[in-house]
Every structure is written in structure tokens, then in C-alpha cells.
2 protein chains.
Amino acid sequence: MTLQQLRYIWEIAQHGLNVSHTAARLYTSQPGISKQLALLEEELGTSIFARSGKHLTEITDAGRQIIAVAGEVLAQVQNIKHIAQEAADETVGALTLGTTHNQARYALPPVVAAFMMRYPTVTLNIHQGTPAQVAEQAAKGIVDVAITTEVTERFSNLVLLPYYEWNRCILVQPGHPLTQQPHITLEDVAACPIVTYVSGFSGRSQMDEAFEQHHLQPQVVLAAADADVIKTYVRLGLGIGIVARMAYDPIGDSDLIALHADHLFQRSLTKIGLRRGMFIRSFVFDFIQLCAPHLTREVVEQALTLREDQKIQFSAQDERSAD
Amino acid sequence: MTLQQLRYIWEIAQHGLNVSHTAARLYTSQPGISKQLALLEEELGTSIFARSGKHLTEITDAGRQIIAVAGEVLAQVQNIKHIAQEAADETVGALTLGTTHNQARYALPPVVAAFMMRYPTVTLNIHQGTPAQVAEQAAKGIVDVAITTEVTERFSNLVLLPYYEWNRCILVQPGHPLTQQPHITLEDVAACPIVTYVSGFSGRSQMDEAFEQHHLQPQVVLAAADADVIKTYVRLGLGIGIVARMAYDPIGDSDLIALHADHLFQRSLTKIGLRRGMFIRSFVFDFIQLCAPHLTREVVEQALTLREDQKIQFSAQDERSAD
DNA sequence: GTTCATTACGGATTCCGTAAGGATG
DNA sequence: CATCCTTACGGAATCCGTAATGAAC
């Protein structure tokens with residue numbers, strides 16, 4: 001058994017059981033991977049993948065377990081490399097973030113700028129994706145840190161830390177009837193055509209809940225993944241916008257009016273996700289604390305040793321932005 | 001980085017940083033290990049071991065962390081092999097027990113006999129050692145299952161399951177004054193010269209506690225690691241013996257008299273220790289349940305997912321023997 | 001002077017890429 | 001017939017063991 005073989009079976013599983021595709025992604029030859037796979041299966045005395053003829057069709061039960069452990073091994077190999085890098089030079093390395101459009105666009109720029117100033121020799125990579133993708137990549141160790149709001153909690157090896165809480169505002173064009181309203185209610189909002197986030201993004205599910213609790217059926221005429229698109233269509237008069245407060249820029253968006261909506265919706269919580277058991281380099285701790293000052297190294301370390309059922313206590317932070 | 005290299009650094013650490021010795025134990029050449037070590041250190045850009053000239057003198061800070069992770073990796077490689085073996089044939093494999101003299105001598109024989117009857121194709125290995133050695137070997141994955149009483153709980157990745165509770169008896173020669181005593185007290189016992197277990201074995205510490213609580217200073221004239229030695233010296237008239245009840249064989253030890261002592265000492269608990277995160281083959285579950293019927297597969301699996309601070313609830317079992 | 005790790009070197013093995021073969025949908 | 005995995009084969013790199021070298025206690 002070699003690390004190479006474990007990497008190959010894990011990658012094959014990640015690429016839909018397509019060995020050719022896997023080989024291309026790993027910049028190696030397809031027969032090379034096939035050979036190593038055959039060697040491993042022979043050594044273990046079990047098939048990891050089920051075949052129909054010469055096609056890999058599915059993963060065997062044993063294969064599923066083996067690949068899961070292989071994933072752990074690969075993550076620990078990464079840990080070893082990170083430990084060594086940290087010992088060699090604390091200020092050199094790479095930090096890979098997984099995040100969504102809205103975090104990357106509104107919340108992270110000042111953090112990233114401060115981080116780059118502090119660690120000019122750390123290579124920063126940002127993987128943008130949907131909240132589900134971001135969470136999965138963090139759970140698999142593809143990214144070091146996940147930052148997102150709508151994160152499903154079904155990844156048992158993903159530790160979620162509270163980053164900051166935020167709420168929404170309502171964007172309208174000047175002269176819109178809602179601007180005359182002294183006290184806006186959810187009924188008022190539901191009466192207008194709405195432009196907001198798609199499901200699974202930026203606390204959309206929490207927004208839906210508010211309407212449901214009041215037995216209202218809002219008319220969402222356009223759902224987008226990011227606030228820039230939403231603002232564009234509000235400007236076109238398609239409807240009123242409901243976006244994260246931080247997405248409203250008083251200067252750049254001065255042609256729109258942002259109405260207060262804290263009383264209409266529950267606050268959403270953006271979280272920082274880390275893979276359980278990962279070695280965290282000092283600059284990663286620093287990055288996290290640049291994001292959220294309350295997440296000190298000690299708090300994060302403690303959270304990583306707790307189990308899922310032992311949720312961390314946190315104090316909400318200032319309001320910023322959303323997915 | 002290769003698995004070979006990780007195994008080598010781990011083994012070097014296990015063998016007192018003596019590469020020659022390590023090579024001999026692994027049936028390979030010393031320069032081969034040196035070479036792989038040099039390659040790994042070069043790849044990682046950090047030294048794992050500190051040298052004075054050409055001698056390895058100690059482990060670096062980074063090396064300590066790296067070796068710890070390497071140990072995890074090696075354990076997971078074992079897990080993969082076990083998963084594959086289990087898938088290939090549930091009844092073939094090896095079970096390595098780590099236990100002490102007294103368990104091996106008095107508690108385990110019927111369990112082992114039943115297990116061998118049920119799984120004739122499983123190779124059974126028993127590593128005998130001191131309680132501390134046994135616990136360490138289980139924590140390191142050298143043995144699959146540890147069975148011992150005096151187990152220090154400082155191995156964070158060792159899960160302890162309650163096996164059975166037991167207490168002591170007092171062994172005397174016929175005609176000894178204590179045999180006339182209708183109700184033996186701790187003071188009576190402390191007045192006699194005592195032959196019992198050495199510290200660290202078979203609940204010796206719990207025995208000492210009982211005397212201390214009564215402010216008594218027993219005169220231990222001989223301390224041995226096993227009951228057979230103790231009985232030998234009781235027969236020679238060196239003193240009275242205090243041994244685990246199961247160590248008294250009414251037939252083989254008919255020349256000695258066992259006096260009831262349950263009221264003098266607190267019961268001791270013999271435990272089954274498993275490395276956290278290890279893959280447990282079905283016959284290992286069966287072995288554990290042969291030991292202790294209350295340790296069903298479900299109970300064991302649940303215990304393995306709990307943390308140290310969440311102790312398992314258990315109901316004491318019948319009394320048998322001791323370390 | 002003994003123990004111990006590194007360097008040097010040669011043989012065997014392994015690994016990987018190109019090319020051809022055979023099965024699937 | 002296009003896709004995909006396996007087998008075949010040759011060159012390159014790696015690994016490992018013996019022998020020699022040099023440092024430490």
C-alpha cells in the first residue's frame with residue numbers, strides 16, 4: 001500500500017469513477033492509475049470499485065469505508081507538511097479560503113487586505129462556490145477555511161465557528177410607495193414583487209421562514225445568487241430588493257434607497273468552518289482572528305476538540321454582510 | 001513522502017532514536033532507513049531529529065508533532081487492511097491482545113477457549129506485559145485490545161470499557177490465628193506481615209488506599225507481580241497473602257485457606273481498552289462480548305464515539321479475577 | 001576502541017508513459 | 001463509433017543491500 005494508491009482511489013471517487021478524467025486532472029497517465037488501483041485491490045484482496053466489464057460503475061461497501069479512511073490519511077499527510085512548513089518559517093505558506101460571492105464581495109476585502117499586509121509571503125487562494133460546495137470542500141480538506149452563511153450541518157467533521165450576525169435591508173427606487181410608509185410591516189413587503197437571493201444562499205431560508213410564520217406568500221419575481229444582480233434588477237424596476245445590509249453601498253448605490261428591515265427578519269449568522277483534526281498554522285489562526293476578534297487561538301482550539309453536540313458559546317459580533 | 005518514511009520515523013522514535021536497532025527490528029538495512037529519513041527531512045524542509053554529530057540525540061518540536069500524526073496514519077493504514085480483510089472473509093484474520101499475567105492466567109482462559117472454538121481460523125496473539133505497557137501498546141495500536149485493571153487514564157486515545165468487578169481474599173496457612181477470628185478487621189490484617197502485588201498491578205493502589213483511610217501502615221514483606229509467586233511465599237510462611245479472589249483455586253490451592261475480605265477493600269474494576277478510531281472487526285466485537293456480555297457491539301460503538309469526559313454507564317458484572 | 005550514522009555504489013525492482021487491445025453503451 | 005479500462009512493453013527513476021567513511025562517547 002502506498003500513499004499514491006490511496007490518493008488515486010480517493011481522486012477516482014471524487015471524479016465520478018472516471019479514471020481517464022482523474023488521470024487528466026492529476027497530470028498523469030490513465031494506465032498508471034489503473035495499474036496502481038489493480039495493485040492495491042490485489043494487495044487488499046478486495047475490490048474497491050465494482051465494474052461492469054471494463055467500466056467502473058460503483059463503489060463497493062468496503063471501498064466506501066476504505067476511501068473514507070484514505071481521505072483521512074491524505075488530510076494527515078497535509079497536516080505533516082503544514083507542521084513542517086510552520087517549523088521552517090511561520091510566515092511562508094498558502095491559505096486557501098472557500099467562500100461565497102457575498103462574503104468575498106462585501107465582508108472579506110478588508111480582512112484580506114489586512115492579512116496580505118501582515119503576511120506578504122503567504123499565498124492566498126480564494127475558491128468561490130455555492131454554500132454547499134464551500135462546506136463540502138472544507139470537509140474534504142480541499143480548502144483550509146470555509147466562510148459562509150447557509151451551511152448545512154451534515155458534515156460531521158466540519159467545525160463551525162460563529163463569525164458575525166447580520167440582517168437585511170429593503171432596496172427600493174426613490175419615490176417607491178414604501179418610502180412613504182412610517183413603519184413597514186411584512187405584509188407591506190409581501191404585497192410588492194420581490195427580487196432576492198436564490199434558495200440556499202445568504203440566509204434565504206431564514207427570510208422564507210419569516211413570511212411563512214406570518215402566513216404570507218411573497219411574490220419573488222427574480223432570485224439571484226448575489227446582490228449585484230439583485231440591485232441591477234431593482235434599478236430596472238422589476239421589484240423591491242431584499243439583500244444583506246452590507247451589500248448596500250451608500251455611495252455606489254446612492255440611486256437606491258435602503259429601508260430598515262431588522263424588525264421584519266431574524267438575524268442570520270455567518271460561520272467559519274474548519275475541518276476537524278486539521279493542523280492549523282499560526283497565520284490561519286491570525287486570519288480567523290482578523291475576521292472575528294472574539295475567535296482567539298484558544299477559542300478555536302477549544303472548539304476543535306469539542307464534539308458536535310457541544311456547541312460553542314458565542315457573543316454576536318457587529319453586522320457586516322452576507323453570502 | 002511515503003508510508004515507508006512515516007513508518008521509519010515512527011519506529012525510530014519507538015526504539016530510542018537508535019537507527020541501527022530499528023533496522024534490525026524491521027529486518028532491513030540501517031543505511032536504507034537513514035536514507036529515507038534524510039529524504040523525508042529534505043522534502044519537508046525540517047529536521048525531525050536533532051543530531052550531535054552523527055548521533056540522533058532527541059526529537060525536534062516539529063518532529064514530535066509529525067511523528068504523532070505519522071502514528072495516526074499508520075493506524076489508519078491498519079484500519080484499511082482490516083476493512084479489506086473483513087470484506088474478504090469475516091472469519092479470517094488476527095486478534096492481538098495485550099494483557100497482564102493475572103488476566104491471562106485466571107480470567108481469559110475460558111474466553112480464549114470459547115473464541116478459538118468459534119473462530120478457528122483467527123490467529124490469536126497474546127502480549128503479556130505490565131499494566132502500563134499494555135495500556136501504551138493499545139494506545140499505539142500495537143495490540144488490538146488491552147485487558148487490565150490498573151490502567152492509567154492518561155492515554156487520551158484509549159477508550160476504556162468496564163469489563164468486570166472483583167475483590168480480594170486473604171490467603172493464610174491452616175491454623176493461622178486469623179482463621180479463628182469471627183470478623184476480620186483491617187487492623188487485624190495490618191498486624192500481620194503481608195505478601196501481595198507490587199505497585200501498579202492488580203489494584204494494589206486501591207488496596208493501599210483502604211489502609212491509608214484507616215491510618216494503618218501494613219507491613220508488606222514481599223510484593224510480586226502475580227498471584228502464583230504470592231501463594232508460593234504464603235506457603236513458605238512469609239506472611240498472609242492478599243490476592244484477587246479468582247486467583248484462589250479451591251482444588252489446586254487446597255493447602256491454603258481463603259478468607260473473605262470483601263468488607264475490607266473497595267472493589268476493583270478490570271477494563272477493556274481500545275484505541276479510539278480503530279476499525280473493529282466483527283470477531284473483535286465478538287471477543288469483547290464473550291468477555292463481557294453487557295458489552296454489545298452497539299455499546300462499544302457508542303463508547304468509541306464519546307469523549308473522555310462522557311463516561312459510559314455500566315452495570316457491574318460477576319466477579320472473576322485480577323491483573 | 002566500540003558504537004553509530006552518513007556516503008558511495010551496484011543490482012534489482014518498481015514506476016510511469018506510450019501504444020495496442022477489448023468491452024460498453 | 002466514441003468512450004473507457006486493461007494489458008503489453010520499454011526506459012527511467014527509485015529502492016535496498018553491501019562496503020567504506022567519519023564522528024561521538
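Sequence lines set the chain letters: A, B, ... in the order given, protein chains first and strands last, and positions in each chain run from 1. Any value given below was found using the heavy atoms of this structure, including those in side chains, with hydrogens, waters and symmetry copies removed.
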Nearest whole Å is fine: how far is [N] [atom2] from [X] [atom1]?
{"X": "A:R7", "N": "C:dC15", "atom1": "CZ", "atom2": "P", "answer": "16 Å"}
{"X": "B:Y8", "N": "C:dA5", "atom1": "OH", "atom2": "P", "answer": "14 Å"}
{"X": "B:L56", "N": "C:dA5", "atom1": "CG", "atom2": "P", "answer": "6 Å"}
{"X": "A:L3", "N": "C:dC15", "atom1": "CG", "atom2": "C1'", "answer": "15 Å"}
{"X": "A:L39", "N": "C:dT13", "atom1": "CG", "atom2": "C1'", "answer": "13 Å"}
{"X": "B:E42", "N": "C:dT6", "atom1": "CD", "atom2": "P", "answer": "13 Å"}
{"X": "B:K35", "N": "D:dA20", "atom1": "NZ", "atom2": "P", "answer": "19 Å"}
{"X": "A:H15", "N": "D:dC5", "atom1": "NE2", "atom2": "P", "answer": "13 Å"}

So, OP1 or OP2 of [N]: does either fall under 4.0 Å of a side-chain N or O from [X]?
{"X": "A:Q4", "N": "C:dT14", "value": "no"}
{"X": "A:R51", "N": "D:dT6", "value": "yes"}
{"X": "A:S34", "N": "D:dT7", "value": "no"}

From the set [options], return the single nucleotide nearest to any side-chain atom of [X].
{"X": "B:K54", "options": "D:dA23, D:dT6, C:dC15", "answer": "D:dA23"}
{"X": "A:N18", "options": "D:dA23, D:dC5, D:dC15", "answer": "D:dC5"}
{"X": "B:P31", "options": "C:dA23, C:dT7, C:dT18", "answer": "C:dT7"}
{"X": "B:T28", "options": "D:dG17, D:dC5, C:dC4", "answer": "D:dG17"}

Kindly compute the distance separating [atom1] ([X]) from [atom2] ([Y]), expressed to the nearest 0.5 Å.
{"X": "B:I83", "Y": "B:I280", "atom1": "CD1", "atom2": "CD1", "value": "11.5 Å"}
{"X": "A:M1", "Y": "B:I80", "atom1": "CE", "atom2": "CD1", "value": "5.0 Å"}
{"X": "B:T28", "Y": "B:Y8", "atom1": "OG1", "atom2": "OH", "value": "4.0 Å"}

Under 3.5 Å, is there a donor-acceptor pair between the side chain of B:Q133 and the main chain of B:T130? yes
Does B:Q30 or A:G32 map to a spot on DNA chain C nearer the 5' end, using the closest nucleotide for each? B:Q30
For A:S52 and for B:L37, find the nucleotide of DNA chain C with the closest heavy atom, then tell me which residue's nucleotide is more 5'. B:L37
Using a 4.0 Å heavy-atom cut-off, does B:L17 contact any base of the nucleic acid, only the sugar-phosphate backbone, or nothing at all? sugar-phosphate
Base, sugar-phosphate, or nothing for B:S20, non-hydrogen atoms under 4.0 angstrom? sugar-phosphate
Please determine whether the number of non-hydrogen atoms from other residues, nucleotides or ligands lying under 6.0 Å from atom OH of B:Y233 exceeds 12. no
